[in-house]
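Here is the structure we will look at.
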Protein chains: 2
Amino acid sequence: MSRAPTPTSAGRTRARKGEGELLHSEILDAAERLLIETGSEEAVSIRRIAEAVGVTPPSIYLHFADKDELLLAVCERQFGELHRVMEEAVVGVDDPVEQLYRRGKAYVRFGLDHPEQYRILFMRAADHTMGGPDAERVRSASSFDHFVDAVARAVDSGALPKDSDPLVVALELWSVVHGITSLLIAKPMFDWPDPDALTDHLLTSACAGLMTTPPFSAPQRRRSRR
Amino acid sequence: MSRAPTPTSAGRTRARKGEGELLHSEILDAAERLLIETGSEEAVSIRRIAEAVGVTPPSIYLHFADKDELLLAVCERQFGELHRVMEEAVVGVDDPVEQLYRRGKAYVRFGLDHPEQYRILFMRAADHTMGGPDAERVRSASSFDHFVDAVARAVDSGALPKDSDPLVVALELWSVVHGITSLLIAKPMFDWPDPDALTDHLLTSACAGLMTTPPFSAPQRRRSRR
DNA sequence: CCGATAAGTTAACGGCGTTATCTTCAGCCC
DNA sequence: GGGCTGAAGATAACGCCGTTAACTTATCGG
């Protein structure tokens, strides 16, 4: 009756010429909301996002190259907080190994708090850019470089074997926390014990093992064990 | 010219009335081949499988409930071998901890040898059956129960702390090997050191940590560490 | 006020998983 | 041996998807 536009569901007025950056973040918000609500990547379609924002599907492509880029942007926005959370987890902790432990715990908890985003970032192939940029984005989202620094401090303190390569140790610890996080996300119906306590114990074991095991050395022919 | 049927591409003659079980395994073969060739789950469409087998898409549904069931069947057929491979890896090994180590190495190697199947089985949500049967199928595909038994032998031998819960330790070791396997599969462009040597070192550390760390205990209020 | 251009729409393409409905042929009994 | 039955498979279609080409509309600089 009135001349309200009401194109689909939400009435939208066209953005000013400066930038449709407003729509940009509105799209991110809607995509994130749908992702959390449905709990599944493929249930979040471009068409549903567009409808939620009150716009037609092709308009999404004015702001994101494709669906993958959009989902990645949602996840990266969320995981920008991971670094902050990890830093908060180590305030007032002097022992650098205890710091590693706390960072690990914070990582697992953060992943379990944002399972869909975690899955998209870390449990999929990187077919998207395949080779270059994606590695950097994953590094950034996982705060990997800060983790390497934290490991380096532990090596310098003498708590970890002197010749340990911080990069390798960080990759190993990352494997451990990623393993438990991703399994808990992907297979929650397994009869898991309390995730927090399990993470506690596993990280304690892993740190103890790394402190007492001779450091990694490159692929010499056949390594001796035990 | 001749009266060859040639419905789409491969000439197929209708199966005998006994069962189209022939087609059943032909579909599995084609799906597996496509999965390996394309290296991506969503590139394997029902239509492409049907074309490869020489049949129309709906015929697939005479043999499999849906696409997910078909893909799962492909993966389970492959991972039926995992148990055998792990058993082969421990022949002649007496030390039960060394056995755990070798099982872990075999698991990682097998996963890396069949990355697409690994991803489908262990890196996706179990939305499919969600709750019941899937847990059993994952248990079976990962040979988890045999792994628990192997851990129990290590506990009985005294190599692992006396009161360790074999189920919990097995979950922890599974987390470790799954972590490194899935990260290597999902993020191969990271600058990984040699996967074999890395798995060596990580498993050695993990076993050492588990042998020296007090056993896991249930979620009492606040656990002490270090 | 008027063109340029950014913001958004309309219409459509090709592909997907899946279903309802129809055809055809192998096997069985009389 | 001829007709019935039921399994194996085909045809056609539905509704969804991501994405693109082409068009419209409103905002802003001059």
Side-chain angles (χ1 to χ4, degrees), chain A residues 3-28 30-31 34-35 38 40-74 120 124 127-128, chain B residues 3-28 30-31 34-35 38 40-74 120 124 127-128:
Chain A
R3 53 174 313 281
T6 320
T8 59
S9 68
R12 277 202 64 82
T13 58
R14 187 193 289 239
R16 293 295 162 76
K17 214 157 187 183
E19 290 252 13
E21 292 298 332
L22 187 149
L23 184 50
H24 186 96
S25 57
E26 277 185 59
I27 292 172
L28 282 179
L34 284 172
L35 190 63
T38 68
S40 128
E41 173 182 352
E42 59 264 19
V44 179
S45 68
I46 293 284
R47 282 169 161 89
R48 304 236 294 182
I49 297 169
E51 185 189 20
V53 174
V55 102
T56 59
S59 299
I60 306 287
Y61 293 88
L62 297 177
H63 301 275
F64 298 92
D66 52 30
K67 184 184 179 182
D68 225 65
E69 198 63 44
L70 166 51
L71 287 178
L72 236 48
V74 169
I120 291 171
R124 296 191 327 181
D127 7 55
H128 189 251
Chain B
R3 53 175 312 283
T6 319
T8 58
S9 67
R12 277 200 63 82
T13 58
R14 188 191 291 239
R16 292 295 161 76
K17 213 159 187 183
E19 290 252 12
E21 292 299 332
L22 187 148
L23 184 52
H24 186 97
S25 57
E26 279 186 56
I27 293 173
L28 282 180
L34 283 173
L35 190 63
T38 68
S40 128
E41 174 181 352
E42 59 264 18
V44 179
S45 68
I46 293 283
R47 283 170 161 88
R48 304 236 291 182
I49 297 169
E51 185 189 19
V53 174
V55 100
T56 58
S59 299
I60 304 286
Y61 293 89
L62 297 177
H63 302 273
F64 299 92
D66 52 30
K67 184 184 178 181
D68 225 65
E69 198 64 43
L70 166 52
L71 287 178
L72 235 47
V74 169
I120 290 171
R124 296 191 327 179
D127 8 55
H128 189 251

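Note: hydrogens, waters and symmetry copies are ignored here, and every other heavy atom, side chains too, is used. Here is the naming used below: chain letters follow the sequence lines, and residue numbers restart at 1 for every chain.
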| remark: Atom NE2 of B:His24 and atom P of D:dA7 are separated, to the nearest Å, by 18 Å
| field | d(CD1, A:Ile27; C1', C:dG8) in whole Å | value | 11 Å
| said: Testing the basics here: between B:Val53 and B:Ala30, what is the closest heavy-atom pair and its distance to 0.1 Å? | reply: CG2-CB, 3.6 Å
| Nearest-Å distance for atom pair CD/P, residues A:Glu51 and C:dT9 | 13 Å
| said: I need the minimum non-hydrogen distance between B:Ile27 and B:Phe64, along with the two atoms involved. | reply: CG2-CE1, 3.6 Å
Atom pairs, N/O to N/O, protein against nucleotides 14-19 of chain C, distance under 3.5 Å?
residue	atom	partner	partner atom	Å
C:dC16	OP1	B:Ser45	OG	3.0
C:dG17	OP1	B:Ile46	N	3.2
C:dG17	OP1	B:Lys67	NZ	2.9
C:dG17	OP2	B:Ile46	N	2.9
C:dG17	N7	B:Arg47	NH1	2.5
C:dG17	O6	B:Arg47	NH2	3.1
C:dT18	OP2	B:Tyr61	OH	2.7
C:dT18	OP2	B:Lys67	N	2.9
C:dT18	O5'	B:Tyr61	OH	3.3

| With a 4.5 Å heavy-atom cut-off, do A:Arg124 and A:Asp68 have their side chains touching? | yes
| If every non-hydrogen atom of A:Tyr61 is compared with every non-hydrogen atom of A:Asp66, which pair is closest and at what distance? | CE2-CA, 3.9 Å
| said: In whole Å, I'd like the distance from the CG atom of A:Leu70 to the P atom of D:dC17. | reply: 14 Å
| N/O (side chain, B:Ser59) to phosphate O (OP1/OP2, D:dG9) under 4.0 Å | no
| field | Gap between atoms CZ and C1', on A:Phe64 and C:dA7 respectively (whole Å) | value | 15 Å
| C:dA7 OP1/OP2 closer than 4.0 Å to side-chain N/O of A:His63 | no
| query | Closest to the B:Val55 side chain: D:dG9, C:dA7, C:dT10? | reply | D:dG9
| Residues in side chain to side chain donor-acceptor pair (under 3.5 Å) with A:Ser59, at least two apart? | A:Thr56
| request: Check the distance between D:dA10's P and B:Leu62's CG and give it to me in whole angstrom. | output: 9 Å
| query | If you take all heavy atoms of B:Glu41 and B:Lys67, which pair is closest and at what distance? | reply | O-NZ, 3.8 Å
| query | What integer distance in Å separates A:Glu26:CD from C:dG8:C1'? | reply | 14 Å
